[in-house]
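In what follows, chains are A, B, ... by sequence order, proteins preceding strands, each numbered from 1.
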2 protein chains.
Amino acid sequence: MSTSQQALTPVTRTHIPGKIEQACREKGLRMTGPRVTIASILDSADDHPDVFELHRRAALIDEKISLSTVYRILRVLNKEGIIDRIDLNEGPARYEPTTEQPHDHLVNLDTGDFIEFRSKELDKLYNKIARKLGFKLVSHRLELYATPLDGESSNN
Amino acid sequence: MSTSQQALTPVTRTHIPGKIEQACREKGLRMTGPRVTIASILDSADDHPDVFELHRRAALIDEKISLSTVYRILRVLNKEGIIDRIDLNEGPARYEPTTEQPHDHLVNLDTGDFIEFRSKELDKLYNKIARKLGFKLVSHRLELYATPLDGESSNN
DNA sequence: TTAGGTGCAAACCGTTTGCAAAGTA
DNA sequence: TACTTTGCAAACGGTTTGCACCTAA
């Protein structure tokens, strides 16, 4: 559309930094190639990929990013509070951009997908339980494992 | 004390099978030496030992029980529903005899100890949340991480 | 007697790390 | 430039497994 006046300007697809990359820069992290790549993948991911999946997606952009580099990047992003790490019972950890609201996950047992939810009632109960036991709640970890109500596995 | 009448009877400390060993026999498991040993350790444990601790305690009774055997035994006991395996975020899994009532754990961050608790309110909420999201709850996993209210870390 | 359990060592999986080379600010 | 990050390969911690031997039933 806007090719009329500056037709000879090279069409280098200028990189639009996403929220993750911005957060990294705000934290003063050096934005190397691998970091930009991983940041952009995380920004455009609408699932909860693990290291191997992230490495696979990164390889499509830059085939020489090593797995250990992905691990290291995820580690610093997590330490800086930019992404959350979700440790399941089995398999590799999953990652997601940190959300404003803390939340828990329901794992769809049929697909492995995550559904995020937040319940203030739960939080209240956790605090109440801890207090009752003589403790001050610091954090918690919850996963709900469930099957879809409709369709195949409804009346089981 | 009672050495008067049958003084010459060999004093072989007759093995009194605990609940775990009984449960194993009821499940038809072969009670080999290592299994009897691990079962008795689990029966008398009032904590939540990991494989290495169990192996250590087993070695005090029979120094040639191998670590892989302990792993294998814990695996079958877990599969048979005789013991529960607790997978924390870090470190080796912990084990406890299965209780009649399902329960969750509060982890004392100062000591690493577990406190077991059961909350029907929580169960109700979990079911309600799952249903609201269009799912049927199958299981859940919860750990509360907390510090003691009294003494050192109270007003933080 | 025989299906099953054991010890050992090697393999496994997810993750971290030591190092020398490459890159960022 | 000075200091950080990277790639590679090797090591890690927790757990499983292949195999030959052993043992409970």
Side-chain angles (χ1 to χ4, degrees), chain A residues 15 17 20-22 24-41 48-56 58-59 61-80 82-95 112, chain B residues 15 17 20-42 48-56 58-59 61-80 82-95 112:
Chain A
H15 170 72
I20 301 275
E21 185 180 337
Q22 284 179 342
C24 287
R25 295 196 185 278
E26 278 158 25
K27 294 283 185 180
L29 297 181
R30 278 195 195 183
M31 289 318 284
T32 65
R35 289 190 175 176
V36 172
T37 300
I38 295 294
S40 76
I41 292 171
H48 297 76
D50 61 35
V51 223
F52 307 105
E53 177 60 18
L54 288 167
H55 184 228
R56 206 187 56 73
I61 300 170
D62 173 359
E63 66 281 349
K64 64 170 65 69
I65 295 179
S66 82
L67 181 58
S68 50
T69 293
V70 181
Y71 269 112
R72 280 190 272 231
I73 292 173
L74 293 174
R75 214 157 182 254
V76 322
L77 296 204
N78 181 243
K79 182 165 59 172
E80 296 294 342
I82 298 168
I83 62 174
D84 284 342
R85 174 189 169 129
I86 309 161
D87 244 311
L88 300 183
N89 277 335
E90 302 193 314
R94 314 280 219 95
Y95 298 86
Chain B
H15 169 70
I20 301 274
E21 185 180 334
Q22 285 179 341
C24 288
R25 296 195 184 278
E26 277 157 26
K27 294 283 184 179
L29 297 181
R30 277 198 197 180
M31 289 318 283
T32 65
R35 289 191 174 175
V36 173
T37 300
I38 295 294
S40 76
I41 291 171
L42 286 170
H48 297 75
D50 61 33
V51 224
F52 306 105
E53 176 60 17
L54 288 167
H55 184 228
R56 207 186 56 73
I61 299 170
D62 174 359
E63 67 281 352
K64 64 169 66 70
I65 294 179
S66 83
L67 181 59
S68 49
T69 293
V70 180
Y71 268 113
R72 280 191 271 232
I73 292 173
L74 293 174
R75 213 157 181 254
V76 321
L77 296 203
N78 181 243
K79 181 163 60 170
E80 295 295 341
I82 297 168
I83 62 175
D84 283 343
R85 174 189 170 129
I86 309 160
D87 244 310
L88 300 183
N89 276 335
E90 303 194 314
R94 314 280 218 95
Y95 298 86

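- B/Ile65 and B/Pro34 make their closest contact through CD1-CA, 3.8 Å (heavy atoms, listed as atom of the first residue, atom of the second, distance).
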Distances under 3.5 Å only, N/O to N/O: pair up the protein atoms with those of nucleotides 18-21 of chain D.
{"residue": "D/dG18", "atom": "O6", "partner": "B/Arg72", "partner atom": "NH1", "Å": "3.2"}

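- We find that CD of A/Glu80 is positioned 15 Å from C1' of D/dT5, with the value rounded to whole Å.
- Neither OP1 nor OP2 of D/dT6 sits under 4.0 Å from any side-chain N or O of A/Thr69.
- A rotation axis mapping the C1' atoms of four pairs onto the next four is fitted at both ends of the helix from C/dT1-D/dA25 to C/dA25-D/dT1 over five pairs, and the angle between these axes is 30° to 10 degrees.
- An OP1 or OP2 oxygen of C/dT15 is reached within less than 4.0 angstrom by a side-chain nitrogen or oxygen of A/Tyr71.
- In this structure a side-chain-to-backbone donor-acceptor pair under 3.5 Å is missing from B/Asp50 to B/Ala93.
- Side-chain atoms of B/Arg35 come within 3.5 Å of backbone N or O of B/Arg30 as a donor-acceptor pair.
- If you measure from atom CG of A/Leu77 to atom C1' of D/dT5, you get 13 Å, rounded to the nearest angstrom.
- If you check C/dG5, C/dG7, D/dG7 against the side chain of B/Arg35, the one that comes closest is C/dG5.
- For the residue pair B/Ile61 and B/Ser40, the shortest heavy atom distance occurs at CD1-OG, 4.4 Å.
- Between B/Arg75 and D/dT16 there is a side-chain N or O to OP1 or OP2 distance below 4.0 Å.
- Between the P atom of D/dT15 and the CG atom of B/Asn78 lies a distance of 12 Å, rounded to the nearest Å.
- Taking the side chain as every heavy atom from C-beta outward, B/Asp62 and B/Lys64 approach each other to under 4.5 Å.
- The shortest distance between side-chain heavy atoms of B/Ile20 and B/Ile41 does not fall below 4.5 Å.
- Scanning for side chain to side chain contact (heavy atoms under 4.5 Å, CB included) contacts around A/Arg75 gives an empty result, with sequence neighbours left out.
- As a whole-Å value, the separation of A/Asp87 CG from C/dC13 C1' is 14 Å.
- At a threshold of 4.5 Å between non-hydrogen side-chain atoms, the residues A/Arg94 and A/Pro49 do not count as touching.
- Residues satisfying the salt bridge (Lys or Arg N to Asp or Glu O under 4.0 Å) test with B/Asp87, not counting sequence neighbours, are B/Arg85.
- Qualifying side chain to side chain donor-acceptor pair (under 3.5 Å) partners for A/His48, counting only residues two or more places apart in sequence or in other chains: A/Glu96, A/Glu116.
- Applying the 4.0 Å criterion to OP1 and OP2 of C/dT15, one finds that A/Arg85 has a side-chain N or O inside that range.
- Rounded to an integer number of Å, the gap from CD of B/Glu90 to P of C/dG14 is 18 Å.
- Side chains of A/Phe52 and A/Leu67 form a contact here, defined as non-hydrogen atoms less than 4.5 Å apart.
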For nucleotides 21-23 of chain C, print each protein N/O atom paired with a nucleotide N/O atom at under 3.5 Å, atom names and distance only.
{"residue": "C/dG23", "atom": "N2", "partner": "A/Arg30", "partner atom": "NH1", "Å": "2.8"}

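- Of all non-hydrogen atoms in B/Ala39 and B/Glu21, the two that sit nearest each other are CB-N, 3.9 Å.
- The side chain of B/Lys64 lies closest to C/dG7 when the candidates are D/dT15, C/dG7, C/dT15.
- Atom pair A/Leu67:CG and C/dT15:C1' shows a separation of 9 Å (rounding to whole Å applied).
- Protein atom CE of A/Met31 is 18 Å distant from nucleotide atom C1' of D/dC3, rounded to whole Å.
- To the nearest angstrom, P of C/dT24 lies 11 Å from CZ of A/Arg25.
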